[in-house]
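The next block holds one structure in the form of structure tokens; read it before the comments.
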2 protein chains.
Amino acid sequence: MSLNSVIKYLSQQEAIDVDKQLFDECGFSVDQLMELAGLSVATAVFKSYPLTNLANNKVLVCCGPGNNGGDGLVAARHLRLFGFDPQIVYPKPGRSDLFQRLVKQCQQFDIRFVDLSTSFQDYPLIIDAIFGFSYKPPLRSEYRQLLQLMKEASDNGNSKLISVDIPSGWNVETGPPTDGETPVLNPECLISLTAPKLCASQFNGRFHWLGGRFVPPTIIKKYEINIPSYPDADQCLLLFSKNN
Amino acid sequence: MSLNSVIKYLSQQEAIDVDKQLFDECGFSVDQLMELAGLSVATAVFKSYPLTNLANNKVLVCCGPGNNGGDGLVAARHLRLFGFDPQIVYPKPGRSDLFQRLVKQCQQFDIRFVDLSTSFQDYPLIIDAIFGFSYKPPLRSEYRQLLQLMKEASDNGNSKLISVDIPSGWNVETGPPTDGETPVLNPECLISLTAPKLCASQFNGRFHWLGGRFVPPTIIKKYEINIPSYPDADQCLLLFSKNN
């Protein structure tokens, strides 16, 4: 199934502008949209990977320092409510009050924070919430090992890798990194938020979802975001899926 | 179907304490929880009243001055995304930045604000988001007419009345008002948030939903909130439904 041909892919600058307009002109708060984005990520994971098909219910949620990491923290909390056992890698926690509260909320749900010494391949699912649409190479060296661990666990077939908005390390417009330094992630599942970014046209995994069902008609019109209709009251939309 | 017998009904003080603890101890913001609460309300409405069964897609969302009204504003926005045509009555808008932003968001979705002169019975659905768990009688006189208009449109069978958390004007613990002054609402649908309040045991409508899927285990344990499990990744749970 593919709905992919009809949709618009945003450039990095368009993605930045859409984000800014959602806050400045539409009156949304980061709290609100991050909650909906993270919920859509958790929902897409739940639908893509039924618990009964997994070796265990552990999910490793790898969170970066910015809003993509915040989406991951929110997704972890909802995944806990959906019956998963999420654990979080968060090497460089965001400093703002919002990020501190998101961590506190996870702790209230008994979600453990673990470090890079955890055995990545023991998690059937790994969520990549490191970098989003504002990422610009080169990769900061402190994230090289984390990306490498995610890549190894996914390339060796032990873990399914799920990227939030952008596969981390990818150029937002041109796709997989070619610098020979940045580990090249190959997620099986991509959850684009608001609208896919240009690099998503090179995504070659099994499931491509759209989440972040909150874009008002003013923005849809201005940026010609011709996304397909979400079904029913769903918070995510399957753009395409492939058999293994 | 009924799951009602197993659940705990909160007293007014317990509801106030749970709310306070969600913010003070669990680190949630009002923005976050109102977004999830409003989304669960919109989802329950979507599931109870399929668009194809309605005379038209208009919904009148009646919002009070506090957080119950805020839930209504959020629900209106999501209902718009789900294909409804919500219009809002908001006689006394909340003054805080949050409420002003919620109004702005609705305007971005071309949702109209109307006054009490609108013909209530032309709306197949009316949402009662006037007062929530912190309501204490007597009813302020400025809301008497609004409740009366909602009551008439619903009692004469033209509109289905849906109450958010508490039927407005009801005593949170003892149920329907008996003062002879307060219009007695008889909603067909009740969406309890977090956990039902004591008055919900007297709800005699068709659909009783639970929404607000965000309560951490610490609170569930402390207040013995033995709510049934939500299905799948759903944001609302049908506690019971009756045939007409």
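A, B, ... follow the sequence lines: proteins, then strands. Residue 1 opens every chain.
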Okay, B:Leu102 and chain A: the region with an atom under 4.5 Å from a heavy atom over there is side chain
The interface call for B:Leu79 against chain A, heavy-atom contacts under 4.5 Å, is neither
Scanning both residues in full, the closest heavy-atom pair of A:Ile166 with A:Gly132 reads CG1-C, 3.6 Å
Nearest heavy-atom approach of A:Cys236 to A:Lys47 is SG-CD, 4.1 Å
When the 4.5 angstrom heavy-atom criterion is applied to B:Gln108 and chain A, the contacting part is both
Okay, B:Asp110 and chain A: the region with an atom under 4.5 Å from a heavy atom over there is side chain
#### Entry: side-chain contact (heavy atoms from CB on, under 4.5 Å) assessment of B:Gln87 paired with B:Asp85
CA-CA 7 Å; B:Gln87 300 182 4; B:Asp85 176 19; 3.8 Å; yes
Scored by heavy-atom pairs under 4.5 Å with chain A, the best of B:Val74, B:Asp232, B:Val103, B:Asp97 is B:Asp232
Honestly, the part of B:Phe82 sitting under 4.5 Å from a heavy atom of chain A is both
Turns out that what part of B:Gln235 lies under 4.5 Å from chain A's heavy atoms comes down to side chain
Under 4.5 Å to a heavy atom of chain A? For B:Val215 that would be backbone
### Query
Do A:Asn68 and A:Phe131 touch side chain to side chain, with heavy atoms closer than 4.5 Å?
no
- Below 4.5 Å, heavy atoms only, C-beta onward: do A:Glu188 and A:Leu161 meet side chain to side chain? no
Determine, stepwise, if the pair A:Arg77 / A:Glu35 fulfils salt bridge (Lys or Arg N to Asp or Glu O under 4.0 Å).
CA-CA 10 Å; A:Arg77 171 161 45 80; A:Glu35 194 62 38; 2.9 Å; yes
How far apart are the C-alpha atoms of A:Asp17 and A:Gln21, what are their side-chain angles, what is the distance that settles it, and do they pass the side-chain hydrogen bond (donor to acceptor under 3.5 Å, both in side chains) test? CA-CA 6 Å; A:Asp17 291 345; A:Gln21 189 167 345; over 6 Å; no
Scored by heavy-atom pairs under 4.5 Å with chain B, the best of A:Val30, A:Leu36, A:Leu22 is A:Leu36
Honestly, the part of A:Phe46 sitting under 4.5 Å from a heavy atom of chain B is side chain
If one checks every heavy atom of B:Ile219 against chain A at 4.5 Å, the contacting part turns out to be neither
Go through it in stages, so that I can follow the logic: the residues are B:Leu33 and B:Phe23, the test is side-chain contact (heavy atoms from CB on, under 4.5 Å), and I'd like the CA-CA distance, side-chain angles, deciding distance and then a yes or no.
CA-CA 9 Å; B:Leu33 299 194; B:Phe23 299 124; 3.9 Å; yes
Whatever's closer than 4.5 Å to a heavy atom in chain B on A:Leu51 counts as neither
